[in-house]
Amino acid sequence: MDTMQQQAMAAAQEARRHGRIKALETALRRIEAGEFGWYDECGEFIGVRRLDLEPTVMRCLDCAG
């Protein structure tokens, strides 16, 4: 049972790591395209402090709430 739990935890960690890599790659593409920091749906700037904390954020604070 312990081995199965460890395998499940390792798989979940790998999935989180993969998701983080994809989010960072998306942020880099947005930087290259000059779109970084802007939320597509409402057209508002996401905010420097919010991006400093998490550069992969895709929504402005109003829309995220």
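Throughout, numbering of the chain's residues begins at 1 and tracks the sequence.
Scanning all heavy atoms of the two residues, the minimum distance from Pro55 to Ala27 falls at O-CB, 3.8 Å.
Listed by chain and number, the residues in a side-chain contact (heavy atoms from CB on, under 4.5 Å) with Arg50 are Ile46, Val57, Leu61, Ala64 (sequence neighbours excluded).
Considering OG1 of Thr56 and CG of Leu28, their distance stands at 10.5 Å, rounded to 0.5 Å. Atom CG of Asp40 and atom CZ of Arg59 lie 11.5 Å apart (nearest 0.5 Å).
Follow the hydrophobic side-chain contacts under 4.5 Å out from Phe36 and you never reach Met58; the two are in separate clusters. There is a path of hydrophobic side-chain contacts, each under 4.5 Å, that joins Val48 to Leu51.
Salt-bridge check for Arg17 with Glu14: passed, with a basic side-chain N closer than 4.0 Å to an acidic carboxylate O.
A donor-acceptor pair under 3.5 Å links the side-chain atoms of Arg30 to the main chain of Trp38, judged by distance alone.
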